Amino acid sequence: MEPVRHRLARLVEESVKRAQAAGALPQVALPEITIERPHNPDHGDYATGLPLKLARSAGMNPVDIAQRLVEHTAAAEEIDPPEVAPPGFVNFRLSAGWLKEQVGTVLAEGEHFGDVAVGNGESVQVEFVSVNPTGPVHIGHGRGAVLGSTIANILQAAGYDVQREYYVNDAGNQMDSFYRSLYTRVAQALGHDVEMPEDGYQGAYMIELAQEVIAESPVESLVMERKEEATRELGARGLDKMLAAIRDDLGSLGVHFDLWFSEQTLFDTGQYEEAMEVLKKEGYLVQREGATWLASTSLGEDKDNVLVRSTGVPTYFASDIAYHRNKFVERGFQRVIDVWGSDHQGHVPRLKAAVGALGIDPDRLTILLSQLVTLRRGGEIVRLSKRTGEIITLQEVIDEVGADVCRFYLLSRSADSQMDFDLELAKTESQDNPVYYVQYAHARIASILRLATERGIDFSNGDISLLDHEAEQALIRRMLQLPELVETMAENLEPHHLPHYAQELATAFHWFYKQCRVISDSHPELTAARLKLVDASRTALARTLHLMGMTAPERM
RNA sequence: GCGCUUGUAGCUCAAUAGGACAGAGCGCAGCCCUGCGAAGGCUGAGGUUGUGGGUUCGAUUCCCGCCAAGCGCACCA
């Protein structure tokens, strides 16, 4: 459904024009008309400060402007007559009649309630997590996973054609190190005296991985006789297992991808060469000190960046450029959103500059950075390092606190700010946990609907015009915020509003529940009307939870 | 040194592109189940939005300085 806000903006614009035509307002240019939601309920459901913005250019008192605006506002079914409020606001209140009708709209839209048509089918790729497959994912990756998958859900709800993608860094230095580490662990497991490379992955999970690889098929003869071949062969198996483990871990967090894109294929299919060719043709490649550099300085950067090392091995940056060319040129995504950890922030301007150098508008690329997550257990900080092997995996966190709790917590803070994730808190608070509060509301709703079914109550003909109680209308108001929220989140890519909205929606339901008896033998008509409202609440709350990638439990 | 992000109630965080009296949860002090789920509802206390300037009808929000925290400034990814 279209957010009411748009309708109001058109209404205001019309009233200005009407007032101008009637000579009540001077013919001044209009700023963008913004419709905002007042904090104070006394100020109505929506408001515009347009008169305040017009005051100077119109040379009039803002209250007078507001007055004339109101006088020239056409009647609309959505709202009561607008009101003027000093120092120059126009306040709008949704009409009770229209509000009640929206229960029917919500029910009709069902699982699609919350959808808005702003994307127009534009193709957007959301690439997220993309952890090097050299070790298990941890809570920091979990944050990116939750952020990326929720943004993808939101964009889909907003009418975009969304692709979820994981970029598999299966080429390059870290992969080599991973292969050699695995080889070492396998050799050690077979009783050979082999030293772990200095840059190797020391984590205990590599020992387990080695065991799994060995268990799969005998490798003994390979290991000592043909070391290089063994490293490659074992590495390929290890990579598959590691990727499968990552896929499982993310899957248990409700995160799924449409495509796992292999970095190596960029080299195998010549796309890497093509990208470098384009840069060369455009004059952005410079040879210096035996290496090939991207002339980033000519693109406004403060230093150039190496693309091909003097050893002839391309850097990560080089393949990333080829990857992004693939996204935009080969696959034709109109927009691309990358979700990265904040430790990659330095890479952002470089990549955007490089994308520009490829002749692609850099504004089509959005890079979101999620700040660090510090894992705590009680007061103790739990360090995360793949190298030293001290790691608490995402899977362990999920096992401990549950996927829904994990998602809700990771989502509730703005990606821009650092956060602590306290395992003890997530568990010990579980009684008064906001996650349970929200899900409890859904379970309660489900329980009411179950009871209605048990008693054989048919509320399909319920008369929603009977919903006159303050708490009923407050609940409807809250539900109607969802499409509006989807729209703004699709634009600002800030999904942390979702958990907050979910709590507000749950509160509105609990308040309604407290004040309004739903199923009552003595008032069958009101019962039917209220059951419709309850059903609509279930729809809105379930959709909110699903957008967050959470479950909407029927029972708890 | 330069750059990015952050600084809001005792704690954890909001504030929907500059709006009206800065809001939630937890914690704290109380109140409410002889009917649909008390994992619930209600009331109260709690703030000089790090700090000093500026922009304007209006600033938590925009600009500048300072202070503090995290991250980044590789022929690592």
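All chains are named by letter (A, B, ...) in the order of the sequence lines, taking the proteins before the strands, and each is independently numbered beginning at 1. Because the structure is a prediction, the values reported are computed rather than measured.
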A:W511 aromatic ring stacked with six-membered ring of B:G41, 5.5 Å and 30° = no
Near-parallel close stack of A:H43 and B:A20 base (under 5.5 Å, under 30°) = yes
Using both distances under 3.5 Å as the test, list the Watson-Crick or G-U wobble partner of [N], or none.
N: B:C62; value: B:G54
N: B:G1; value: B:C73
N: B:A68; value: B:U6
N: B:A24; value: B:U12

Send over the distance from [X] [atom1] to [N] [atom2], rounded to a whole Å.
X: A:H510; N: B:C42; atom1: NE2; atom2: P; result: 10 Å
X: A:N492; N: B:A14; atom1: CG; atom2: C1'; result: 13 Å
X: A:F408; N: B:C26; atom1: CZ; atom2: P; result: 12 Å
X: A:Y436; N: B:G37; atom1: OH; atom2: P; result: 21 Å
X: A:D420; N: B:G70; atom1: CG; atom2: C1'; result: 11 Å
X: A:K514; N: B:A39; atom1: NZ; atom2: P; result: 12 Å
X: A:Y437; N: B:A39; atom1: OH; atom2: P; result: 13 Å
X: A:K303; N: B:G3; atom1: NZ; atom2: P; result: 13 Å

Taking N and O atoms by type only, does the side chain of A:E504 place a donor or acceptor under 3.5 Å from a partner on the base of B:A24?
-> no
Find out whether the Lys NZ or Arg CZ of A:R376 is both under 6.0 angstrom from the six-membered ring centre of A:F421 and within 45° of the ring's axis.
-> no
With rounding to the closest Å, how many angstrom separate the [atom1] atoms on [N] and [M]?
N: B:C64; M: B:C21; atom1: P; result: 28 Å
N: B:U16; M: B:G7; atom1: P; result: 13 Å
N: B:G19; M: B:U61; atom1: C1'; result: 11 Å
N: B:G46; M: B:C26; atom1: C1'; result: 14 Å

More than 12 heavy atoms of other residues, nucleotides or ligands under 6.0 Å from CZ of A:R56: is that the case?
-> no
According to a strict under-4.0 Å criterion, is [X] in side-chain N/O contact with OP1 or OP2 of [N]?
X: A:R56; N: B:C57; answer: yes
X: A:S417; N: B:A14; answer: yes
X: A:H39; N: B:G23; answer: no
X: A:T488; N: B:U16; answer: no

So what does [X] hit on the nucleic acid, given a heavy-atom distance under 4.0 Å: a base, only sugar-phosphate, or nothing?
X: A:E289; result: base
X: A:E32; result: nothing
X: A:Y513; result: base
X: A:A443; result: base
X: A:N40; result: base

With no hydrogens and no angle check, is any side-chain donor or acceptor of A:R335 less than 3.5 Å from a backbone partner on A:L365?
-> no
Residue of the set A:V16, A:V90, A:D64, A:V84 for which side-chain contact (heavy atoms from CB on, under 4.5 Å) holds with A:P51 | A:V90
Check the angle between the aromatic planes of A:F509 and A:F512 and answer parallel, tilted or perpendicular using the 30° and 60° thresholds.
-> tilted
Between A:Y316 and A:Y167, how do the two ring planes meet: parallel, tilted or perpendicular, split at 30° and 60°?
-> tilted
Where does B:C42 land, syn or anti, given syn is within 90° of 0?
-> anti
